[in-house]
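Just below is one structure, and these are the notes that go with it.
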Amino acid sequence: MIDNVPFIVRDQITINKFLSNEALTIISSTESYDQKTGEIRERRIFKYRNLTFKFLFASNKQPFELRVSGSLHYFKNNGCHNADDFSYFEIVEILTNFQITFDINLKYLRLLPFEFGINFPIIYKPDYVVFNIFYEQRKLFTNNVGNIPSKISGNNNCDYSLKVYSKSDQFPNECPENTIRWEVKLRRTRVLKKYNIETVADLLKFETYKILKKVHLEYFQHLVLYDYTIKIPTKGKYKNFLDKYRIALNWKILIEEIKSGKGYETKYNDKVKLLNRASKLYGSNMLSNLLNLANLKWDELLIIPCVPSKFEIKKPKHAQKTKPKHAPYIMCIPTRCPETIF
């Protein structure tokens, strides 16, 4: 679920705990002149597995800021890949071990905009799906850098971007065939602040992932996705519509017309509804199917394996009325699960 999770630390004690820990390996040390303050500042870069630690030092040689970046999903797999599942339980385990390794409190690690998403196998060809995604909330999808089928929406001025790509093309030996990744790349902290997700400690909370699931599915339900399984009818309104709007350029023209005042404001939404209706009538209802599969994958990743450590034997109320003769009626109730351990 969680991928790249950058965070910033300004608590002096926490910074010093990281800096003095032997788990870090130094990569480089550079000095630069700050024109605003007239000070010479040093920057030291360290690595811990696939995570990068950047320490900033004042002119008195005291560290005053630490920025950490890197993928927790890659971290789980020793920096090799992020193609498998990454469950809530695994995230909690990794963050707990991280906290122990550096002897720090996660509440002092302030989250910066991060990435979260899911890998899930689909009944379609991922590269065909990627090719036929055009827009999301009027934000254009453009081809992402790389050699795999991949697109990203929006730009640096947006609160977030959506990334869609074929995970099975990227890591064919690490995930099932026809696996796609749907990812939200946050560019602002506005969404996080709205739900009081502000520190790395908040990533231990089960409620956080229920929120991320809700946000993730809400964003992706607004995809403009042409269902390539549609059998275009030979006549009628859907034929003309599909002939035109299966081409990405015509969506761009539509949006430009609306912005210039040549088209009514709800025209875009009306066309999206018509596209999804055509998918249901003449295709495989592709977007709806993908959202259902994504929802199921989220539910799977949020399952908490129960680890009973204590049992209470209780006799249910009114059990005497229903139990067979001479058959004791008991109920075993686990009183401790991973959700409450950490």
Side-chain angles (χ1 to χ4, degrees), residues 1-82 86-116 156 185-193 195-205 208-209 212 338 341-342:
M1 291 183 287
I2 297 292
D3 201 32
N4 185 31
V5 183
F7 59 85
I8 187 169
V9 186
R10 292 197 173 101
D11 176 71
Q12 194 67 51
I13 295 175
T14 304
I15 292 175
N16 287 331
K17 283 187 174 182
F18 276 115
L19 187 60
S20 62
N21 197 290
E22 295 181 355
L24 297 184
T25 302
I26 190 164
I27 301 299
S28 66
S29 177
T30 57
E31 291 186 344
S32 61
Y33 177 74
D34 191 322
Q35 293 182 345
K36 292 183 179 180
T37 64
E39 295 180 330
I40 294 178
R41 293 186 170 180
E42 182 186 6
R43 183 178 73 168
R44 297 181 198 170
I45 299 178
F46 292 77
K47 294 285 285 187
Y48 172 58
R49 293 167 67 171
N50 66 297
L51 302 182
T52 301
F53 294 70
K54 297 180 181 179
F55 294 87
L56 293 181
F57 292 78
S59 57
N60 62 1
K61 301 299 182 181
Q62 291 298 314
F64 66 92
E65 182 181 282
L66 164 63
R67 288 177 181 259
V68 180
S69 61
S71 167
L72 286 185
H73 199 159
Y74 271 88
F75 185 88
K76 169 202 166 189
N77 295 312
N78 297 314
C80 296
H81 68 86
N82 65 342
F86 193 23
S87 69
Y88 164 70
F89 189 68
E90 290 172 316
I91 293 170
V92 169
E93 185 177 34
I94 283 174
L95 290 178
T96 302
N97 289 335
F98 183 85
Q99 182 174 246
I100 294 170
T101 298
F102 292 98
D103 187 28
I104 46 91
N105 192 322
L106 299 180
K107 72 178 183 180
Y108 295 120
L109 317 184
R110 305 290 301 181
L111 285 169
L112 297 172
F114 60 83
E115 298 173 342
F116 61 96
N156 290 333
K185 178 183 177 68
L186 296 176
R187 298 186 184 275
R188 303 281 188 275
T189 57
R190 190 177 306 172
V191 174
L192 299 178
K193 289 179 179 178
Y195 294 106
N196 296 317
I197 303 171
E198 300 183 281
T199 73
V200 175
D202 293 321
L203 298 182
L204 294 174
K205 301 174 183 177
T208 294
Y209 298 91
L212 294 181
I341 290 175
F342 304 105

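Here the structure is a predicted model, which means the values were calculated and not measured. What you see below is based on every heavy atom in this structure, not just the backbone, and it leaves out hydrogens, waters and symmetry mates.
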Cationic tip of Arg49 within the cone over Phe75's six-membered ring, i.e. under 6.0 Å and within 45° of the normal?
-> yes
Donor-acceptor pair, side chain of Asp103 and main chain of Ile100, under 3.5 angstrom = no
Checking salt bridge (charged side-chain N to carboxylate O under 4.0 Å, His left out) for the pair Arg41/Glu31: CA distance, chi angles, key distance, verdict?
-> CA-CA 6 Å; Arg41 293 186 170 180; Glu31 291 186 344; over 6 Å; no
Separation between CD (Gln62) and CZ (Phe55), nearest 0.5 Å, reads 13.0 Å
Ring centres under 6.0 angstrom apart (Phe64, Phe57) = no
Going from CG on Asn78 to CG on Asn50, what distance comes out if it is rounded to the nearest 0.5 angstrom?
-> 9.0 Å
Quick one: does Lys193's side chain get under 4.5 Å of Val191's, heavy atoms only?
-> no
If we only count heavy atoms from C-beta on, is the Leu66 to Leu56 side-chain gap below 4.5 Å?
-> no
Minimum heavy-atom separation for Thr189 to Pro113, with atom names?
-> CG2-CD, 3.6 Å
Validation row: Phe86, His73 side chains within 4.5 angstrom (heavy atoms) = yes
From CD1 (Ile2) to CG (Asn82), nearest 0.5 Å = 12.5 Å
What do the steps show when you test Thr96 against Leu204 for side-chain contact (heavy atoms from CB on, under 4.5 Å), and what is the final call?
-> CA-CA 8 Å; Thr96 302; Leu204 294 174; 4.2 Å; yes
Supply the atom-to-atom distance Glu90 CD to Leu72 CG, rounded to the nearest 0.5 angstrom.
-> 12.0 Å
Is there side-chain contact between Leu111 and Ile197, with at least one heavy-atom pair below 4.5 Å?
-> yes
What pair of heavy atoms forms the shortest contact from Phe116 to Leu212, and how long is it?
-> CE1-O, 3.4 Å
Is the closest side-chain donor-acceptor distance between Ser71 and Asn4 under 3.5 Å?
-> no
Does Glu65 offer a backbone N or O that forms a donor-acceptor pair with the side chain of Arg10 under 3.5 Å?
-> no
Give the minimum heavy-atom separation between Ile8 and Leu112, together with the two atoms involved.
-> CG2-CD2, 4.2 Å
Is the NZ atom of Lys17 crowded by more than 12 outside heavy atoms at less than 6.0 Å?
-> yes
Heavy atoms, side chains only, cut-off 4.5 Å: are Ile40 and Ser59 in contact?
-> no
Start with the C-alpha distance between Lys47 and Ile26, add both sets of side-chain angles, then the distance that settles side-chain contact (heavy atoms from CB on, under 4.5 Å), and finish with yes or no.
-> CA-CA 6 Å; Lys47 294 285 285 187; Ile26 190 164; over 6 Å; no
Please say which of Ile91, Leu192, Asp202 ends up in a side-chain contact (heavy atoms from CB on, under 4.5 Å) with Thr208.
-> Asp202
Check the pair Asn97 / Ile94 against side-chain contact (heavy atoms from CB on, under 4.5 Å), numbers first and verdict last.
-> CA-CA 5 Å; Asn97 289 335; Ile94 283 174; 5.8 Å; no
Using a 4.5 Å cut-off on heavy atoms from C-beta on, say whether the side chain of Leu24 contacts that of Phe102.
-> yes
Run the ring-centre check on Phe46 versus Phe18 and record whether the distance is less than 6.0 Å.
-> no
Judged by atom type as modelled, is there a donor-acceptor pair below 3.5 Å linking the side chain of Tyr209 to the main-chain atoms of Leu203?
-> yes
Residues, nucleotides or ligands: over 12 heavy atoms within 6.0 Å of Arg190 CZ = no
Show the numbers, then the answer: is there a side chain to side chain donor-acceptor pair (under 3.5 Å) between Ser29 and Glu42?
-> CA-CA 7 Å; Ser29 177; Glu42 182 186 6; 2.7 Å; yes
Can you say whether the rings of Tyr48 and Phe53 are parallel (under 30°), tilted (30 to 60°) or perpendicular (over 60°)?
-> perpendicular
Cys80 backbone acceptor or donor facing Asn77 side chain under 3.5 Å | no
Nearest heavy atoms of Val5 and Phe114, plus distance in Å = CA-CB, 3.8 Å
Are Leu106 and Leu95 close enough, and set up right, to give a side-chain contact (heavy atoms from CB on, under 4.5 Å), and what steps lead you there?
-> CA-CA 8 Å; Leu106 299 180; Leu95 290 178; 4.2 Å; yes
Report, as yes or no, whether the 6.0 Å neighbourhood of atom CZ on Arg187 holds more than 12 heavy atoms from other residues, nucleotides or ligands.
-> yes
From Arg44 CZ over to Ile27 CD1, what is the distance, rounded to the nearest 0.5 angstrom?
-> 14.0 Å
Do any N or O atoms from the side chain of Ser69 and from the backbone of Pro6 form a donor-acceptor pair under 3.5 angstrom?
-> no
